[in-house]
Amino acid sequence: MAKISAPKGTRDFYPDEMRRRRYLEDVWRRVSLRAGFEEVDGPIFESLELYIQKAGEEIVTQLYNFEDKGGRPIAIRPEFTQSLARMVVARQAALPRPIKWFNISRCCRYERAQKGRLREFFQWNCDILGAEGPAADAECIAVAIDALQEFGLTKEQVEVRLSSRKLLSVMLAKLGLSDAAIPKVYLVLDKRGKVPADVIHHMINEIEMTEDQRKRVVDIMDMSSLDGLPSFFGDDPEVLEQLRELSQVVSLLGDDAAQFVRIDFGIVRGLAYYTGPVWEVFDKTGTLRSLCGGGRYDNLIAASGGKAMPACGFGAGDVTMGLLLDSLHAWPNDLTPRADFYVSCVQAASVSKVLPLVRRLRSLGRSAIHDLISSNIARQIKNADAMGVRYNVVIGSHKCSDDEVILGNMRTHEERTIRIQDLLKSVQDGTI
RNA sequence: GUGAGCUUAGCUCAGUUGGUUAGAGCACCAGGUUGUGGUCCUGGGGGUCGGGGGUUCGAAUCCCCUAGCUCACCCCA
């Protein structure tokens, strides 16, 4: 039989990888729950139409789709947001506001795999619906930062780059740029930092606008705070309003979280999608794709057939986060689950006593394991040690009677003889 | 869709201008140690050198084709 390998862009999760995946998910879930988000989920496949409706026919080339046996066009979910919108719309009137939901979804996209991007991945989403205004945006950013800190990351290692689609479009409109020039400016903004400075310079010079406009576009591009803006636009009320809203997002975070945040109008993201503040999290070495991205998308629910409803949220993938923790050696030291007890057995005659004791220990909520391949006592203890077990329990030693066992602390090397019922009692009391 | 690189043991990799029977470390298994663990010592299993074809007395090594993987561009909800 031919060996068949896993499909391109997918991963096998052997125990090592699975532990890391669970660790990521545990952090995401813990952080979400303590911020008051409720976990939701939808099907792993949806009607293909759900994605076409939003992104157009071209999206089909970028996802896994098939016809089911009833001839219905189906797609494996490439993201969760469309499912979320569908779920919200279905019960929109009945859901208490604001809606705060989170989800950890397995998603597939048919794309060429490369560093930080695979065909199957896990994505954490947090969304707040029914809340307009900067408080909800700040809450999303706060939760994302909370997760970063929970992973042990500092403001020296990662940063949140914050922009505002609305502020940016108002500013560009006020500069009097032509309709043809504005998309090109977005493109340049998006490319900045990804391609060499002289290329950026060249791209800007290619855009048709006056020298004054060009200079101002460059100024906006280079801005890393909002301080200069009011004088820049002569206290224009529209600009000021958007500026105030974006500043509030930062100030609501408080000094501690705001230290992670930097204003960067280079954050563009999906043009059709976002309507207000947008942000992405990057590692500061700049070697990885974004760790997390989000923003305000007030049109989504209406576009999905519901009543207009403000919404904001973010998504974070497991692949890039894993790469970052790899490169920083920031995984927790020991994710290996260690059993509390290894019940070993000296003589064949006592073998039948092993599993019953193991089961008693397990029923008390402790983890207990034992030999399954007839190892001698030396091998059993060797195995127990290799697995980092806390206590070794020896049954059938000539040093003790039938209702006794030897309890060995694998770390301190202390041994003592103890009656089985006393052992179980101590375990129950929590003294062992 | 475009371009580049890589492929030798389960993993990470050596392998000299082509030259005996293809190696190391780690991992795994066993013994030293048949009633007590980490170290150590000894041994063992495991390779169609990605696949196919060609050149040659001789190919892991050179040439051609092909597959797979990786990286970058495009795209990125």
Return the orientation label for the A/Y391 and A/F341 ring planes: parallel under 30°, perpendicular over 60°, tilted otherwise. parallel
Indicate, with a heavy-atom threshold strictly under 4.0 Å, whether A/G315 touches base, sugar-phosphate, or nothing. nothing
Sequence neighbours excluded, which residues qualify as side-chain contact (heavy atoms from CB on, under 4.5 Å) partners of A/D41? A/R77, A/F80, A/N103
Give a yes-or-no answer on whether the side chains of A/D318 and A/W124 include a donor-acceptor pair shorter than 3.5 Å. no
Using the C1' atom in both, what is the distance from B/C75 to B/C13, to the nearest Å? 35 Å
Nearest-Å distance for atom pair CZ/P, residues A/R117 and B/A77: 10 Å
Nearest-Å distance, CG (A/L187) to P (B/C76)? 10 Å
State whether the number of non-hydrogen atoms from other residues, nucleotides or ligands found under 6.0 Å of A/D179 atom CG is greater than 12. no
Taking the minimum atom-to-atom distance to the side chain of A/I381, which one of B/U36, B/C75, B/C71 wins? B/U36
Ignoring backbone atoms, test whether A/Q114 places a side-chain nitrogen or oxygen under 4.0 Å from the OP1 or OP2 oxygen of B/C71. no
Relative to the 5' end of RNA chain B, which residue comes earlier, A/D190 or A/T10, by the nucleotide with the nearest heavy atom? A/T10
Please give the nucleotide sitting opposite B/C6 as a Watson-Crick or G-U wobble pair, both distances under 3.5 Å, or none. B/G68
Indicate whether any N or O donor in one side chain lies under 3.5 Å from an N or O acceptor in the other, for A/S178 and A/E208. no
Atom pair distance, as rounded to whole Å: CZ in A/R112 and P in B/C76: 17 Å
Taking atom types as modelled, is there a side-chain donor on A/N299 or A/T275 under 3.5 Å from an acceptor on the other? no
Do the side chains of A/D385 and A/R411 get close enough for a salt bridge, i.e. N-O under 4.0 angstrom? no
So what's B/G43 paired with, Watson-Crick or G-U wobble, going by both distances under 3.5 Å? B/C29
Pick out the pairs of N or O atoms, protein on one side and nucleotides 27-32 of chain B on the other, that lie under 3.5 Å.
none

Within residues 74-85 of chain A, find the residues that approach RNA chain B with a heavy atom at under 4.0 Å, and present them sorted by residue number. A/P78, A/E79
What integer distance in Å separates A/L291:CG from B/C76:C1'? 15 Å
For A/R161, which residues count as a side-chain contact (heavy atoms from CB on, under 4.5 Å) partner, sequence neighbours excluded? A/E159, A/R262, A/D264, A/I267, A/F282
Could you measure the distance from the CG atom of A/N392 to the OH atom of A/Y342? Nearest 0.5 Å is fine. 8.5 Å
Just how far, in rounded Å, is P of B/U36 from CD of A/E414? 20 Å
Could you tell me which nucleotide pairs with B/G18 by Watson-Crick or G-U wobble geometry, both distances under 3.5 Å, or answer none if nothing does? none
Mind listing the N/O atom pairs, protein and nucleotides 44-47 of chain B, below 3.5 Å?
none

So, is A/K115 near the phosphate of B/C73, with a side-chain N or O under 4.0 Å from OP1 or OP2? no
Would A/K54 count as a cation-pi partner of A/Y273, with NZ or CZ less than 6.0 Å from the six-membered ring centre and within 45° of the ring normal? yes
Sub-4.0 Å heavy-atom contacts from residues 100-111 of chain A onto RNA chain B, ordered by number: A/R109, A/E111
Do other residues, nucleotides or ligands put more than 12 heavy atoms under 6.0 Å from A/E38 CD? no
Given B/U36, B/C75, B/C69, identify the nucleotide with an atom nearest to the side chain of A/K8. B/C69
Salt bridge present between A/R296 and A/D298 (N-O < 4.0 angstrom): yes
To the nearest Å, how far apart are A/M410 CE and B/U36 P? 14 Å
Separation of B/U39 C1' from A/D385 CG (nearest whole Å): 11 Å
Atom CZ of A/R390 and atom C1' of B/G37: how far apart are they, to the nearest Å? 17 Å
Integer angstrom distance from the P of B/U8 to that of B/A14: 10 Å
Across the strands shown, which category fits A/K54 at heavy-atom distances under 4.0 angstrom: base, sugar-phosphate, nothing? sugar-phosphate
Given B/G37, B/U36, B/A77, which nucleotide is nearest the side-chain atoms of A/Q62? B/A77
